[in-house]
Amino acid sequence: QAVATCPKGTQLFSGGFQRTDIRTPGGDYVTESRALGKRSWRVTGRAFGLFGGELTAIAHCVTSKAKLITEVKASTSVANGQFGKATTPRCPKGQRLMTGGFSFNGTHQGLYADGIFEKNGTWTASGFGYFGPIPKLTAYGYCLRPGSAG
């Protein structure tokens, strides 16, 4: 697990991860990348095979006294050997989707496939049940009121 936290006096408005490597005969892969409260971004992963790898969490921060992000989310299950996706609802009225994340909610059975901004203003996270089923894949969308950051 890696957690990036915004400096005191700032808030999170986006986040992400970098530095995973999955290949034969080993490596690491991400199983969660999402906001953790209003100041931190958490990334979890799993090492396998002959070696692990690096895992880096990234938090994008801005000075603001107003609450910046509103979370929207949706979940689905993914069967062993299958591809699945979860799509968030749209942001509340007056807010726009800023970024997205995902979680396999504690299981290490899946591989994250991608996260996509959909044309209708939703976020889709997808995964593949590579090592087994993913009982719960959750897509997280983070909404921002225009002009509220900075």
Side-chain angles (χ1 to χ4, degrees), residues 1-8 10-62 64 67-92 95-145 149:
Q1 167 176 294
V3 177
T5 300
C6 295
K8 195 170 189 171
T10 65
Q11 288 186 56
L12 180 76
F13 73 90
S14 181
F17 67 91
Q18 66 179 19
R19 295 195 184 123
T20 64
D21 55 357
I22 183 167
R23 60 182 184 197
T24 303
D28 68 326
Y29 56 97
V30 173
T31 58
E32 178 182 59
S33 178
R34 70 185 202 92
L36 185 63
K38 68 179 189 176
R39 291 188 49 224
S40 298
W41 192 272
R42 179 175 65 196
V43 179
T44 61
R46 179 79 167 196
F48 74 99
L50 299 178
F51 58 92
E54 295 181 21
L55 181 63
T56 302
I58 300 167
H60 298 282
C61 312
V62 67
S64 178
K67 179 184 174 192
L68 290 182
I69 59 174
T70 301
E71 181 181 273
V72 290
K73 64 183 179 178
S75 299
T76 191
S77 60
V78 181
N80 183 31
Q82 298 297 309
F83 175 82
K85 62 184 180 176
T87 301
T88 68
R90 294 180 61 131
C91 291
Q95 296 183 33
R96 290 190 175 183
L97 185 65
M98 181 65 167
T99 193
F102 80 99
S103 180
F104 291 155
N105 297 287
T107 187
H108 297 105
Q109 302 289 70
L111 295 178
Y112 179 60
D114 62 14
I116 298 171
F117 289 99
E118 302 288 357
K119 289 180 182 179
N120 68 354
T122 61
W123 170 260
T124 297
S126 56
F128 182 73
Y130 186 79
F131 300 105
I134 305 168
K136 187 176 180 184
L137 162 62
T138 303
Y140 292 91
Y142 299 102
C143 308
L144 185 70
R145 182 170 278 105

Nearest 0.5 Å please: distance from the [atom1] atom of [X] over to the [atom2] atom of [Y].
X	Y	atom1	atom2	value
C91	L144	SG	CG	9.0 Å
Q18	L55	CD	CG	10.0 Å
S40	L12	OG	CG	7.5 Å

**Message:** Determine whether a donor-acceptor pair (N or O, by modelled atom type, separation under 3.5 Å) exists between the side chain of R90 and the backbone of N120.
**Reply:** yes
Considering non-hydrogen atoms only, spot the tightest contact between [X] and [Y] and give its length.
X	Y	value
K85	T76	O-CG2, 3.3 Å
V43	G16	CG2-O, 3.7 Å
A86	A139	O-CB, 3.3 Å
T88	Y140	CG2-C, 3.9 Å

**Close side-chain approach of T122 to L97, heavy-atom, < 4.5 Å** = no
**Prompt:** Are any non-hydrogen side-chain atoms of T31 and T107 less than 4.5 angstrom apart?
**Reply:** no
**Asked** Which pairs count as salt bridge (Lys or Arg N to Asp or Glu O under 4.0 Å) when at least one residue sits in residues 33-51, sequence neighbours excluded?
**Response** E32-R34, E32-R42, R34-E71
Report, one line per pair, each donor and acceptor closer than 3.5 Å where one atom sits in a side chain of residues 126-137; sequence neighbours left out.
residue, atom, partner, partner atom, Å
S126, OG, D114, N, 3.4
S126, OG, D114, O, 3.4
S126, OG, D114, OD1, 2.4

**Request:** Would you check if the distance from the ring center of Y142 to the ring center of W41 is below 6.0 Å?
**Result:** yes
**Message:** Centre-to-centre under 6.0 Å for W123 and F117, is that the case here?
**Reply:** yes
**Request:** Mind checking ring-ring contact (aromatic ring centres under 6.0 Å, His included) for F102 and listing every partner two or more places apart, or none if nothing turns up?
**Result:** F104, Y112
**Message:** Please tell me whether T44 and Q1 have a donor and an acceptor in their side chains that are separated by less than 3.5 angstrom.
**Reply:** no
